[in-house]
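Labels below follow one simple rule: chain letters A, B, ... track the order of the sequence lines, proteins then strands, and each chain is numbered from 1.
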There are 2 protein chains.
Amino acid sequence: MPMRRKNYHGPVEATVDILAGRWKPLILWALRDGTLRFGQIEEELSAYTPNITKRMLTRQLRELENDGLVVRKVYPEVPPRVEYTLTERYRSLMPIVKLMYEWGKEHMAGQIGYECDGKRTG
Amino acid sequence: MPMRRKNYHGPVEATVDILAGRWKPLILWALRDGTLRFGQIEEELSAYTPNITKRMLTRQLRELENDGLVVRKVYPEVPPRVEYTLTERYRSLMPIVKLMYEWGKEHMAGQIGYECDGKRTG
DNA sequence: CTGTATCCCCTCTGATACTG
DNA sequence: CAGTATCAGAGGGGATACAG
């Protein structure tokens, strides 16, 4: 398990970092309305954009979990069931993410080098 | 010149991305009060944390410029003088960055894997 | 169904030396 | 003064196959 130990220069860098992953904003967006199973998240993301691999989805979810933005609950069943839910910690960050969404929507569209495959996502 | 052409999945990812650089928050913070020369930025950052190299400072500044967060003005003199200033575009993002600063200060301190060398920065 | 194990590429970051 | 050139290491991201 790759443990994150980073030396940041300040709080902004740290905050940016926990959101900086190829699929994290999308995952957090997918979970906005409640709990989802692993496969449901996978399905949600596939609706937005070309497939994320199980490997990457697992990694991003583990990092979000390590950073305390989601909780992972495993049900000891066969076949296995694993559910993911946003934490209060992330809920407190969510308004800021929403502002980033609005800012990006207004200021990034049409930027050079900017292209977005998402349909209506986070 | 490494041109940024990325396919984002949504506005949040795009917004996070333009702030995601090892020295960008610090640079933007250093420029908060007005225009600075290349060497002055270098000096500011050295006051916060172990030295950034000229190479990295140049790269981060170029990316910030490409993303329209700073402007670079070259004076054709000898020895050369180059000045950097925040753009209105970044000023419009600054309130959000400030919120990220506050959130990080409150929620990242004491986090596992979190350590900060900065003294009182962005 | 929910992941691991491998392998590989590419970008980011950094150290060091050099230049108009 | 304000950068480039070069080399190198670490890790993020992805394709594919396999497993409990």
Side-chain angles (χ1 to χ4, degrees), chain A residues 1-9 13 16-27 35-46 49-67 70 72-84 113 117, chain B residues 1-9 13 16-27 30 35-46 49-67 70-84 113 117:
Chain A
M1 197 60 40
M3 177 56 83
R4 288 151 69 82
R5 161 155 285 284
K6 298 204 180 177
N7 287 44
Y8 298 109
H9 300 125
E13 192 190 340
V16 166
D17 190 56
I18 63 177
L19 295 171
R22 191 76 182 81
W23 305 92
K24 287 179 188 174
L26 240 48
I27 292 169
T35 299
L36 287 183
R37 299 180 56 165
F38 183 88
Q40 292 178 308
I41 300 176
E42 199 178 7
E43 195 177 355
E44 271 281 298
L45 297 203
S46 296
T49 186
N51 287 25
I52 179 176
T53 61
K54 292 181 199 312
R55 167 184 144 80
M56 277 313 295
L57 182 53
T58 303
R59 287 178 58 114
Q60 301 276 292
L61 281 167
R62 289 292 192 286
E63 289 183 14
L64 289 171
E65 189 191 6
N66 286 335
D67 287 330
V70 307
R72 174 172 179 264
K73 186 160 202 314
V74 182
Y75 295 85
E77 308 170 357
V78 178
R81 178 162 59 109
V82 181
E83 292 183 346
Y84 294 90
D117 355 354
Chain B
M1 197 59 43
M3 177 55 83
R4 287 152 72 83
R5 161 156 285 283
K6 298 206 180 176
N7 286 45
Y8 298 110
H9 300 126
E13 192 190 338
V16 166
D17 190 57
I18 64 177
L19 295 171
R22 191 77 182 82
W23 305 92
K24 285 180 188 173
L26 239 49
I27 292 169
T35 299
L36 288 183
R37 301 181 54 164
F38 182 89
Q40 291 178 306
I41 300 176
E42 200 177 7
E43 194 177 356
E44 272 280 298
L45 296 203
S46 297
T49 188
N51 287 23
I52 180 177
T53 62
K54 291 183 198 311
R55 167 182 146 80
M56 277 312 296
L57 182 53
T58 303
R59 289 181 60 111
Q60 301 275 293
L61 281 166
R62 288 292 193 285
E63 289 184 12
L64 289 171
E65 189 192 7
N66 285 336
D67 288 330
V70 306
V71 281
R72 174 170 179 268
K73 187 163 202 313
V74 183
Y75 295 84
E77 308 171 357
V78 179
R81 178 162 58 109
V82 181
E83 291 182 348
Y84 293 89
D117 353 353

> Given atom CG of B/Leu61 and atom P of D/dT4, what is their separation to the nearest angstrom?
11 Å
> Figure out the CD1/P separation between A/Ile27 and D/dG13, and round it to whole Å.
11 Å
> In this structure, how many angstroms lie between the C1' atom of C/dT2 and the CD atom of A/Glu42, rounded?
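Between C1' of C/dT2 and CD of A/Glu42: 9 Å.
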> Return the value, rounded to whole Å, for the distance between atom OH of A/Tyr75 and atom P of D/dG20.
25 Å
> Tell me which nucleotide among D/dG20, C/dG3, D/dA2 gets nearest to the side chain of B/Lys54.
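Given the options D/dG20, C/dG3, D/dA2, the side chain of B/Lys54 is closest to D/dA2.
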> List, with names and distances, any nitrogen or oxygen atoms from the protein found under 3.5 Å away from nitrogen or oxygen atoms belonging to nucleotides 13-15 of chain C.
residue, atom, partner, partner atom, Å
C/dT13, OP1, B/Arg22, N, 2.8
C/dT13, OP2, B/Gln60, NE2, 3.0
C/dT13, O4, B/Arg55, NH2, 3.0
C/dG14, OP2, B/Trp23, NE1, 2.7
C/dG14, N7, B/Arg55, NE, 3.1
C/dG14, O6, B/Arg55, NE, 3.0
C/dG14, O6, B/Arg55, NH2, 2.8
C/dA15, N6, B/Arg55, NE, 3.2

> Determine, step by step, whether A/Thr35 and A/Tyr84 satisfy the side chain to side chain contact (heavy atoms under 4.5 Å, CB included) criterion, reporting the C-alpha distance in whole Å, the side-chain angles of both residues, the deciding distance to 0.1 Å, and the verdict.
CA-CA 6 Å; A/Thr35 299; A/Tyr84 294 90; over 6 Å; no
> Would you kindly compare A/Thr58 and A/Pro80 by the position of their nearest DNA chain C nucleotide and give the one closer to the 5′ end?
A/Pro80
> Please state how far atom CD in A/Glu65 lies from atom P in C/dT2, giving the value in whole angstrom units.
15 Å
> Give a yes/no on whether any side-chain N or O of B/Arg72 is located under 4.0 angstrom from OP1 or OP2 of D/dG3.
yes
> Between B/Glu13 and A/Arg22, is there a side-chain N and carboxylate O pair less than 4.0 Å apart?
yes
> Within this structure, what is the CG-to-P distance between A/Leu57 and C/dT2, rounded to whole angstrom?
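Rounded to whole Å, this separation is 10 Å.
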> Considering the terminal five base pairs at each end of the helix from C/dC1-D/dG20 to C/dG20-D/dC1, what angle separates the two local helix axes, rounded to 10°?
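Between the first-five-pair axis and the last-five-pair axis there is 50°.
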> C/dT11 P sits how many Å from B/Asp17 CG, rounded?
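It is 13 Å, rounded to the nearest whole Å.
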> Can A/Glu63 and A/Lys24 be counted as an ion pair, charged N to O under 4.0 angstrom?
yes
> Is a side-chain donor or acceptor of A/Gln40 paired with a backbone partner of A/Arg37 at a separation under 3.5 angstrom?
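Looks like yes, one N/O pair under 3.5 Å.
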> In terms of relative ring orientation, are A/Trp23 and B/His9 parallel, tilted or perpendicular, with 30° and 60° separating the classes?
parallel
> Test A/Lys73 against A/Val82 for side chain to side chain contact (heavy atoms under 4.5 Å, CB included), laying out the working first.
CA-CA 6 Å; A/Lys73 186 160 202 314; A/Val82 181; over 6 Å; no
> Verify the neighbour count for atom CD of B/Glu43: are there more than 12 heavy atoms of other residues, nucleotides or ligands below 6.0 Å?
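It does not: B/Glu43 CD has 12 such atoms or fewer within range.
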> Under the side-chain contact (heavy atoms from CB on, under 4.5 Å) rule, collect the residues that match up with B/Arg55, sequence neighbours excluded.
B/Thr53, B/Arg59
> Expressed as a whole number of angstroms, how long is the span from B/Leu36:CG to D/dC1:C1'?
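Whole-Å distance recorded here is 15 Å.
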> Should B/Val71 and B/Glu65 be marked as a side chain to side chain contact (heavy atoms under 4.5 Å, CB included) after you check the CA-CA gap, both sets of side-chain angles, and the distance that decides it?
CA-CA 6 Å; B/Val71 281; B/Glu65 189 192 7; over 6 Å; no
> When you measure from the side-chain N and O atoms of B/Arg62 to the phosphate of D/dT4, is any distance below 4.0 Å, counting only OP1 and OP2?
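For D/dT4, OP1/OP2 do have a side-chain N/O of B/Arg62 under 4.0 Å.
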